[in-house]
Amino acid sequence: MLHRKLHRFCCEKRPVWVFLRDQQRWIEKALVVELEGDLVTLRYDAEEDDELHSWEESVRLDSIGAVSTRLAFFSRTALAEDLETAEDCPESEQLRSRG
């Protein structure tokens with residue numbers, strides 16, 4: 001199941017947050033660039049002091065404890081009339097009604 005989710009995120013080029021159980025750390029805003037067998041290749045940027053580093057890291061599928069992706073975001077300082085509503089949302093991104 002995790003393999004299929006990661007494959008979908010790879011195809012969609014969606015950034016993901018990945019928790020590595022064996023290292024007890026999160027990799028933030030990574031792109032899944034390759035899935036081969038039980039190996040997942042992630043590409044991400046990390047900032048240290050005043051330098052920005054780009055990383056490509058390969059991890060085993062079984063070392064991944066959790067994967068998160070952002071569904072939406074908005075500015076807390078935006079005015080209410082500046083926020084997009086369901087009518088403004090492209091049809092492909094609208095949630096299907098259950099019922």
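What you are looking at is a predicted structure, and each value in this text was computed from that prediction instead of being measured. Counting begins at 1 with the first residue of the sequence.
- Side-chain contact between K5 and V67: absent, with no pair of heavy atoms (C-beta onward) separated by less than 4.5 Å.
- H53 contributes atom NE2, which lies 10.5 Å from atom CG of D45 (distance to the nearest 0.5 angstrom).
- Under a hydrophobic clustering in which Ile, Leu, Val, Met, Phe, Trp and Tyr are joined whenever their side-chain heavy atoms come within less than 4.5 Å, directly or via other members, V16 and L2 fall into the same cluster.
- Annotation: R14, atom CZ; neighbour count of heavy atoms from other residues, nucleotides and ligands within 6.0 Å is above 12.
- Between E34 and C10 the shortest heavy-atom distance is N-SG, 4.4 Å.
- No side-chain heavy atom of D22 sits under 4.5 Å from any side-chain heavy atom of D62.
- Taking OG1 from T69 and CZ from R8, the interatomic distance works out to 8.5 Å, rounded to the nearest 0.5 Å.
- Sparse packing is recorded around CZ of R4, with 12 or fewer heavy atoms of other residues, nucleotides or ligands lying under 6.0 Å away.
- Under the 4.5 Å side-chain heavy-atom criterion for ILVMFWY residues, no single connected hydrophobic cluster contains both W17 and L20.
- Residues V33 and V40 form no side-chain contact, since every pair of their non-hydrogen atoms from C-beta on lies 4.5 Å or further apart.
- Of the N and O atoms on the side chains of Y44 and E57, at least one donor lies less than 3.5 Å from an acceptor on the other residue.
- Within 6.0 Å of CD on E36 lie no more than 12 heavy atoms contributed by other residues, nucleotides or ligands.
- Cluster annotation: V18 is not connected to L39 through the hydrophobic network of ILVMFWY side chains, with a link wherever side-chain heavy atoms come within less than 4.5 Å.
- Taking each heavy atom of H3 and L35 in turn, the nearest pair found is O-CD1, 3.9 Å.
- In this structure, the separation between NZ on K29 and CG on L31 is 11.5 Å, given to the nearest 0.5 Å.
- V59 approaches L42 most closely through the heavy-atom pair CG2-CD1, 4.2 Å.
- Below 30°, between 30° and 60°, or above 60°: for W26 and F19 the angle between ring planes is between 30° and 60°, a tilted geometry.
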